[in-house]
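Every chain is numbered from 1, with letters handed out A, B, ... down the list of sequences.
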Number of protein chains: 2
Amino acid sequence: MATEIPELSHPDRSDLRLTDVLFALSDPERLAIVRQLAGGPLEMAQCHLSDPSMPKSTKSHLMKVLREAGIIRNEPLGRGRRLSLRRDDLEARFPGLIGSVLSASAET
Amino acid sequence: MATEIPELSHPDRSDLRLTDVLFALSDPERLAIVRQLAGGPLEMAQCHLSDPSMPKSTKSHLMKVLREAGIIRNEPLGRGRRLSLRRDDLEARFPGLIGSVLSASAET
DNA sequence: CTGATTGTTCGAATAATTTCGAACCAATCC
DNA sequence: GGATTGGTTCGAAATTATTCGAACAATCAG
């Protein structure tokens with residue numbers, strides 16, 4: 001049973017690239033996801049998008065961009081997925097950045 | 001004399017959109033430009049890119065994206081252009097953001 | 001006025017992203 | 001086992017961004 005579960009890959013904290021992070025955050029839908037996760041981890045099924053009729057493959061792709069930029073963690077949980085913001089990694093690598101983005105996105 | 005010089009258009013401070021700003025900053029070349037301008041206004045001809053052989057139309061386009069996002073100001077000066085970072089507008093609209101981006105981009 | 005310097009704009013080619021259905025996989029429930 | 005739920009991956013189509021030459025405009029030097 002030592003079969004390894006193929007986890008999704010996440011970049012190391014030291015490999016986070018500022019431009020990739022900024023790019024991932026530059027999409028309104030992705031930014032909205034990050035804002036939800038700022039409130040704490042969420043199961044993917046409970047993470048709602050602005051358009052509820054969006055295909056799941058599109059939603060999955062949004063998560064992939066965020067994950068590959070190192071912004072969120074996406075790990076299996078039961079039959080679903082648990083999403084969380086990699087806040088400490090972001091803070092360590094780019095101090096103040098995620099906080100200012102979140103508070104800037106809060107207005108309006 | 002009363003002929004209006006067609007200035008390039010710049011968005012008002014209140015019209016700055018976070019996602020547009022993040023997108024404009026998500027390109028390494030554009031981010032490098034912003035870093036140079038953080039040191040103070042510069043004439044465009046003195047603003048050097050990583051690739052010195054880049055065509056001027058491409059350079060002009062990079063400036064356009066930054067200008068339309070509201071990150072830089074681009075005004076005529078003599079026969080050239082004066083570029084400046086709209087730091088106070090950015091700071092007023094998105095407190096802390098440009099500072100954290102600049103300091104994050106300083107490392108490496 | 002002529003010519004050289006600086007940049008913008010346009011249009012077309014190329015490259016990168018996004019979108020979405022279909023196929024697939026793993027865990028759960030009966 | 002078989003059906004259901006929740007999500008990833010693949011591939012193709014559509015959209016959006018980038019690149020760059022050519023044409024144009026304005027300023028300055030002589």
Side-chain angles (χ1 to χ4, degrees), chain A residues 1-10 17 19-33 36-37 41-69 71-84, chain B residues 1 3-10 17 19-33 37 41-69 71-84:
Chain A
M1 28 166 26
T3 51
E4 295 292 325
I5 300 166
E7 288 289 327
L8 293 178
S9 85
H10 294 75
R17 288 204 308 156
T19 49
D20 290 345
V21 169
L22 294 175
F23 178 81
L25 295 173
S26 75
D27 176 74
E29 200 75 58
R30 287 192 297 255
L31 185 54
I33 291 169
Q36 287 185 59
L37 296 180
L42 226 48
E43 288 182 54
M44 190 161 180
Q46 315 314 322
C47 184
H48 302 298
L49 304 182
S50 66
D51 175 9
S53 69
M54 177 175 292
K56 55 184 182 173
S57 58
T58 300
K59 185 175 180 181
S60 190
H61 178 69
L62 291 171
M63 298 304 178
K64 181 182 184 180
V65 175
L66 288 169
R67 173 175 53 82
E68 291 182 335
I71 296 173
I72 68 174
R73 201 179 309 278
N74 179 341
E75 41 198 355
L77 175 67
R79 86 180 116 185
R81 295 265 160 187
R82 174 191 147 105
L83 304 175
S84 54
Chain B
M1 0 19 151
T3 50
E4 294 293 326
I5 299 166
E7 288 290 328
L8 293 178
S9 85
H10 293 76
R17 287 204 309 155
T19 49
D20 290 345
V21 169
L22 294 175
F23 179 80
L25 295 174
S26 75
D27 176 74
E29 201 75 57
R30 287 192 297 255
L31 185 55
I33 291 169
L37 295 180
L42 227 48
E43 289 183 52
M44 191 162 180
Q46 315 314 323
C47 184
H48 302 297
L49 304 181
S50 68
D51 175 9
S53 70
M54 176 175 291
K56 55 186 181 172
S57 58
T58 301
K59 185 176 180 181
S60 189
H61 182 257
L62 292 171
M63 298 304 177
K64 181 182 186 180
V65 175
L66 288 169
R67 172 175 54 82
E68 291 182 335
I71 296 173
I72 68 174
R73 200 179 310 275
N74 179 342
E75 39 198 357
L77 176 66
R79 88 182 111 184
R81 293 267 160 185
R82 175 191 146 105
L83 304 175
S84 55

Roughly how many Å is it from CE in Met63(A) to P in dG6(D), rounded to a whole number? 14 Å
Is the shortest side-chain N to carboxylate O distance from Glu75(B) to Arg82(B) below 4.0 Å? yes
Roughly how many Å is it from CD in Glu7(A) to P in dA27(C), rounded to a whole number? 11 Å
Considering only heavy atoms, which members of residues 47-62 of chain B lie under 4.0 Å from some atom of DNA chain D? Pro55(B), Ser57(B), Thr58(B), His61(B)
Rounded to the nearest Å, what distance is computed from the CG atom of residue Leu66(B) to the P atom of nucleotide dG7(C)? 15 Å
Spacing between Glu68(B) atom CD and dT18(D) atom P, to the nearest angstrom: 11 Å
From the options dC29(C), dG7(D), dA4(C), select the nucleotide whose nearest atom is closest to the side chain of Arg79(B). dA4(C)
Rounded off to whole Å, could you give me the CD-to-P distance for the Glu75(B) and dT8(C) pair? 12 Å
In whole Å, what is the span from the CG atom of Leu42(B) to the P atom of dG7(C)? 10 Å
Below 4.0 angstrom, which residues in residues 19-30 of chain B have at least one non-hydrogen atom near DNA chain C? none
Go through dT8(D), dT8(C), dT6(C) for me and flag the one nearest to the Arg81(A) side chain. dT8(D)
For atom CE of Met44(A) and atom C1' of dC25(C), their distance in whole Å: 15 Å
Just the rounded figure in Å: distance from P of dT6(C) to CG of Leu8(B). 18 Å
